[in-house]
2 protein chains.
Amino acid sequence: MSTQVKDRRTAILDAVIQLLAEKGLSGVTHRAADMQAGLPQGSTTYYFPKKTALLREAAAHLALELEKDCDDLQIAFADVVAKQGMEAAIDRAAQGLLASADKGRELLLARIELTLAAARDEDLSDVGERLSVAARRPIEFFVNLVTGGRNTVPMETCVGLIDGIALMYATGQGPKPTVAQVSTVLRSLTID
Amino acid sequence: MSTQVKDRRTAILDAVIQLLAEKGLSGVTHRAADMQAGLPQGSTTYYFPKKTALLREAAAHLALELEKDCDDLQIAFADVVAKQGMEAAIDRAAQGLLASADKGRELLLARIELTLAAARDEDLSDVGERLSVAARRPIEFFVNLVTGGRNTVPMETCVGLIDGIALMYATGQGPKPTVAQVSTVLRSLTID
DNA sequence: CAATAATCACTACAAATGTAGAGTTTCGAT
DNA sequence: ATCGAAACTCTACATTTGTAGTGATTATTG
């Protein structure tokens, strides 16, 4: 059935994302993906014979997940802004960014791995672009919320800032930033 | 001769760092390192039989290079502060951070690769710590310069911020930040 | 139910990789 | 000059990986 196919495909792509986060790019092999997904050997080869295609589709899948998470976030925030005002929303924005560093640790690490891979392989450059766009969305939302659209720093740079903090935390190189610290940085992006 | 030995070892470690930046962690093989260093096959195997040791030593070598670059930077800056005052120095600090993103692109990418690897492999955790310390030094210097030691954000977080911007630029995901933008962010780290 | 196609599972194999060890060269001390 | 050791190079091999292909199973259609 079509759902069966889609289930297996997504199970494999989820497994690849998990492998990227846990074992790195070199940890992604057809056999490892089979095992991680709990499917018999050969499954990944069947659905994605070429490894480039496997990575490409995993990246697309990851981008979709990121965008879905972002949509959820925006819906949740509409309420906060409406009921508690903008100032509270800004703190919650910082909070949201930090939460995504915890919950989305896997997604973050997988995305960084793929971004690095895309920066090297010509064949994956479009994938890098796709991920970059997906990663920009929540940041764009938060930064616009905080600065009211008058941010003085390009949105890509804002993504870099936030990603850098998240990556630092995700790789265990430093303490988890506090809400106050992040919102300080967020506010600094506005013209004063 | 002893110099011969040291030359070959460092040539190999330099090659590994270059490979890390250009091909990623999975691009680092004994044979690839031989070729990159322009040495006959088997050389890397001879000096670093175990791959873990190869990576570990490459990380240590990278840390040394980072620290050396940092020392040069600090010496150069002592002059600027003395002759042109603090305000000029702050702009030059932002400029310096940006310059290191260009000149040090290889070092940055190699460091990120190793940091990610260290975050996964238990055996490399000390390496991650070593690199983290080395990366912190120049940031510490600049941030202290800008904030006068009254930075409101932990130093590790500052490293994350700067690394994130540099990585964004190094992976071609966004425009090179301007001096004004970086110094804006730098200044935001102070208590006001 | 039959048969035909789609889906899946397994085997096979060439290339690459980590690693060991056997040769070979270089070089200093006697 | 010769010996011995250190430094180096090369070959070999088991393992892993990408990928193709072949057989088995399931679903679908007439």
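These numbers were taken from a predicted model, which means no experiment stands behind them. What's counted below: heavy atoms across the whole structure, side chains too, no hydrogens, waters or symmetry copies. Convention: sequence-line order gives letters A, B, ...; per-chain numbering from 1.
- Shown here for F48(A) and H30(A), the closest heavy-atom pair between the two residues is O-NE2, 3.0 Å.
- Rounding to whole angstrom units, CE of residue M35(B) and C1' of dT9(D) are separated by 15 Å.
- Set against dA20(C), dA20(D), dC8(D), the side chain of P49(B) has dA20(C) as its closest nucleotide.
- Rounded to whole angstrom, the span from the CD1 atom of I12(A) across to the P atom of dT7(C) amounts to 14 Å.
- Distances from the side chain of Y47(A) to the nucleotides dT19(D), dC10(D), dT7(C) place dT7(C) closest.
- Not one side-chain nitrogen or oxygen of H30(B) sits closer than 4.0 Å to the OP1 or OP2 atom of dT17(C).
- Sequence order on DNA chain C of the closest nucleotides to S43(A) and G42(B) puts S43(A) first from the 5' end.
- Side-chain proximity of K51(A) to the nucleotides dT19(D), dC10(C), dG18(C) is greatest for dT19(D).
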- Checking side-chain contact (heavy atoms from CB on, under 4.5 Å) for the pair N151(B)/N144(B): CA distance, chi angles, key distance, verdict? CA-CA 7 Å; N151(B) 49 297; N144(B) 278 334; 4.0 Å; yes
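- The OH atom of Y46(B) sits 10 Å away from the P atom of dA6(D) (whole-angstrom rounding).
- Put simply, R31(A) has no side-chain N or O that comes within less than 4.0 Å of OP1 or OP2 on dT11(C).
- The side chain of T29(A) lies closest to dT17(D), out of dA20(C), dT17(D), dT9(D).
- As a whole-Å value, the separation of L54(B) CG from dT19(C) C1' is 13 Å.
- Looking only at atom types and distance, the side chain of D123(B) has no donor-acceptor partner in the side chain of T52(B) under 3.5 Å away.
- Straight-line distance from the CG atom of L55(B) to the P atom of dT17(C): 14 Å, rounded to whole Å.
- A donor and an acceptor atom, one from each side chain of R111(B) and T115(B), are nowhere located under 3.5 Å apart.
- When the P atom of dT17(C) is taken as reference, atom CG of L25(B) falls 13 Å away, rounded to whole Å.
- Summarising the geometry, the separation between CG on D7(B) and P on dA7(D) is reported as 14 Å, rounded to the nearest angstrom.
- Among the atoms of the strands shown, base atoms are found under 4.0 Å from some heavy atom of T45(A).
- For S26(B) against L25(A), the heavy-atom pair with the smallest separation is OG-CD2, 4.4 Å.
- Here the C1' atom of nucleotide dT17(C) and the NZ atom of K23(B) are 17 Å apart, to the nearest Å.
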